[in-house]
Chemist: 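Take this structure, written in structure tokens, and hold onto it; I'll ask about it next.
Throughout, a chain's letter reflects where its sequence line sits, starting with A, and its residues are numbered from 1. Everything numeric here is computed off the predicted structure, so don't read it as measured data.
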Protein chains: 2
Amino acid sequence: MTVRSTCYRSPVRSLRVDAARNRAQLLAAAADEFAERGLDASVADIARRAGVAKGTVFRHFATKDDLIAAIVLDRVEALTASGERLLRADDAGAALLEFLHIAAEQRQQRDLSFLHGSATTDGVARAQGRLTATVDALVDRARDHGAVRDDVTGTDVFLLMCAPNYVTGYVPGAPPDLWRRYLAIIFDGLRPQGAHPLPVPPPS
Amino acid sequence: MTVRSTCYRSPVRSLRVDAARNRAQLLAAAADEFAERGLDASVADIARRAGVAKGTVFRHFATKDDLIAAIVLDRVEALTASGERLLRADDAGAALLEFLHIAAEQRQQRDLSFLHGSATTDGVARAQGRLTATVDALVDRARDHGAVRDDVTGTDVFLLMCAPNYVTGYVPGAPPDLWRRYLAIIFDGLRPQGAHPLPVPPPS
DNA sequence: ACCTGAACACCGTTCAAGT
DNA sequence: ACCTGAACACCGTTCAAGT
């Protein structure tokens, strides 16, 4: 059985042509508007940019948060794909580091500071689950390779993944790749050399 | 000459008794409301909780952001005081680590996730400047003590300071001290042992 | 089946009228 | 000098009316 309960589920076939076009333009307009004005860009502006009426936004996305979630979902899935590709790399340590670079670059490119955040749909939760599984695998390989300390889990790395962008997010005239500095520091903290025991067990 | 241009400057003498009381109750009510409902608790609710009319809020704080800034300012100054006290500790490395513990605990206690954030008044900027200077001194001492790597600055530590709370902020059923785990990992990244060269120079 | 735009509730902010 | 509450502009969301 094909699930079709909600209209904002994700790329679904059997949308009327105009509806499909509107949905796509809405997502593009929202991504641009959020990138320019931040998350409190108004739904009215997004609708105008997409060339539809305000009501149409809410036909496709029940809520502004659902619209945000749809965008986040795309990014999370793209990142998962990158991670899965890197699982086949030779150097497991370098693969994990490159994954973290890709994650940070993606978040830098178009303001994705809202990966962490309030907009959590079931779909996003599931996608984050798949991403976590991928990060788990990357970390396991890196650990076997001696590139990551024994007491660090995939969930730890998943959580720390967003920190470099967060940390540099509010530095006024920061160069766009300042996050590299803090990723390097944090990654040094993940290495086995000179690791001190951790005071609290990992979550979930 | 005493500056008295704006009314929301900070604890200022020569407020009428009722005004001073209202201001204090407003700050307390706002802190509580923000802690409970997050930063988009409504000004109306805050006014009701403080027992004043909505208009009174804007007499004391020109803007909702200025109200937030006034609270943030208190916390930043308290943290600066803790840092200055720790400058007189024997073990400079332990002092820096304890400072970071105090910072994280303060942020955990009442949701201070908005230290970083949009609410930046001149007053907050100045207070953050003083806090940065204090962190600089703590880091310099720790570096001289061999507890922190040579290529890390006070600004680096200032920026990384908030990461442990951020990282754990969105973990659903997280124990309230989970931040300790990520502070430990990041602090290991700040140590001289096994440090790899950093790819980008520090900011400002 | 989908789109539109008027209407609603809510929110931050302003300000004339009060004491 | 300060407080009050009605009024305003704006925003997310709903929905009856259209195609």
Chemist: Indicate whether OP1 or OP2 belonging to C:dC3 is found under 4.0 Å from a side-chain N or O atom of A:His60.
Modeler: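 Yes, within the criterion.
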
Chemist: Atom CE in A:Met161, atom CG in A:Leu159: separation rounded to 0.5 Å?
Modeler: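 One gets 8.5 Å once the value is rounded to the nearest 0.5 Å.
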
Chemist: Rounded to whole angstrom units, what separation is found between the CZ atom of B:Arg23 and the C1' atom of D:dA1?
Modeler: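 Going from CZ in B:Arg23 over to C1' in D:dA1 covers 16 Å.
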
Chemist: With sequence neighbours excluded, tell me which residues meet salt bridge (charged side-chain N to carboxylate O under 4.0 Å, His left out) with A:Arg180.
Modeler: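 Result, salt bridge (charged side-chain N to carboxylate O under 4.0 Å, His left out) vs A:Arg180: A:Glu105, A:Asp177.
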
Chemist: Give a yes/no on whether any side-chain N or O of B:Asn22 is located under 4.0 angstrom from OP1 or OP2 of D:dC3.
Modeler: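 B:Asn22 to D:dC3 OP1/OP2: side-chain N or O found under 4.0 Å.
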
Chemist: For residues 131-139 of chain B, dump all side-chain donor-acceptor pairs below 3.5 Å to protein atoms at least two apart in sequence or in another chain.
Modeler:
from	atom 1	to	atom 2	distance (Å)
B:Thr132	OG1	B:Gln128	O	2.7
B:Thr134	OG1	B:Arg130	O	3.0
B:Asp136	OD1	B:Gly154	N	3.4

Chemist: For A:Glu36, which residues count as a side chain to side chain donor-acceptor pair (under 3.5 Å) partner, sequence neighbours excluded?
Modeler: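 Side chain to side chain donor-acceptor pair (under 3.5 Å) list for A:Glu36, sorted by chain: A:Arg49.
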
Chemist: Generate the contact string for nucleotides 5-19 of chain D. Rules: B means base contact, S means sugar-phosphate contact only, - means no protein heavy atom under 4.0 Å.
Modeler: B-B---SBBB-----

Chemist: Using a 3.5 Å limit on both pairing distances, list the dot-bracket string of DNA chain D from the 5' end; Watson-Crick and G-U wobble pairs count, crossing pairs take [ ], interstrand pairs take |.
Modeler: ||.|||||...|||||.||

Chemist: Report which part of the nucleic acid A:Val57 touches: base, sugar-phosphate, or nothing (heavy-atom distance under 4.0 Å, all strands).
Modeler: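 Nothing: the residue A:Val57, judged by heavy atoms under 4.0 Å, touches no strand.
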
Chemist: Got a sec, which pairs hit salt bridge (charged side-chain N to carboxylate O under 4.0 Å, His left out) with one end in residues 159-168 of chain A, sequence neighbours left out?
Modeler: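 Passing the test, one end in residues 159-168 of chain A: no pairs.
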
Chemist: Could you list the residues that satisfy salt bridge (charged side-chain N to carboxylate O under 4.0 Å, His left out) with A:Asp151, not counting sequence neighbours?
Modeler: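 So A:Asp151 forms a salt bridge (charged side-chain N to carboxylate O under 4.0 Å, His left out) with A:Arg149.
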
Chemist: Under the salt bridge (charged side-chain N to carboxylate O under 4.0 Å, His left out) test, which residues partner B:Arg16, sequence neighbours left out?
Modeler: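 Scan of B:Arg16 (salt bridge (charged side-chain N to carboxylate O under 4.0 Å, His left out), adjacent residues dropped) gives B:Asp18.
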
Chemist: Would you indicate which nucleotide in C:dC3, D:dC2, D:dT4 comes nearest to any side-chain atom of B:Val52?
Modeler: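 So the side chain of B:Val52 is nearest to D:dT4.
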
Chemist: Can you list the residues that meet the side chain to side chain donor-acceptor pair (under 3.5 Å) rule with B:Arg85, with sequence neighbours excluded?
Modeler: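 Counting only residues at least two positions away or on another chain, B:Arg85 forms no side chain to side chain donor-acceptor pair (under 3.5 Å).
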
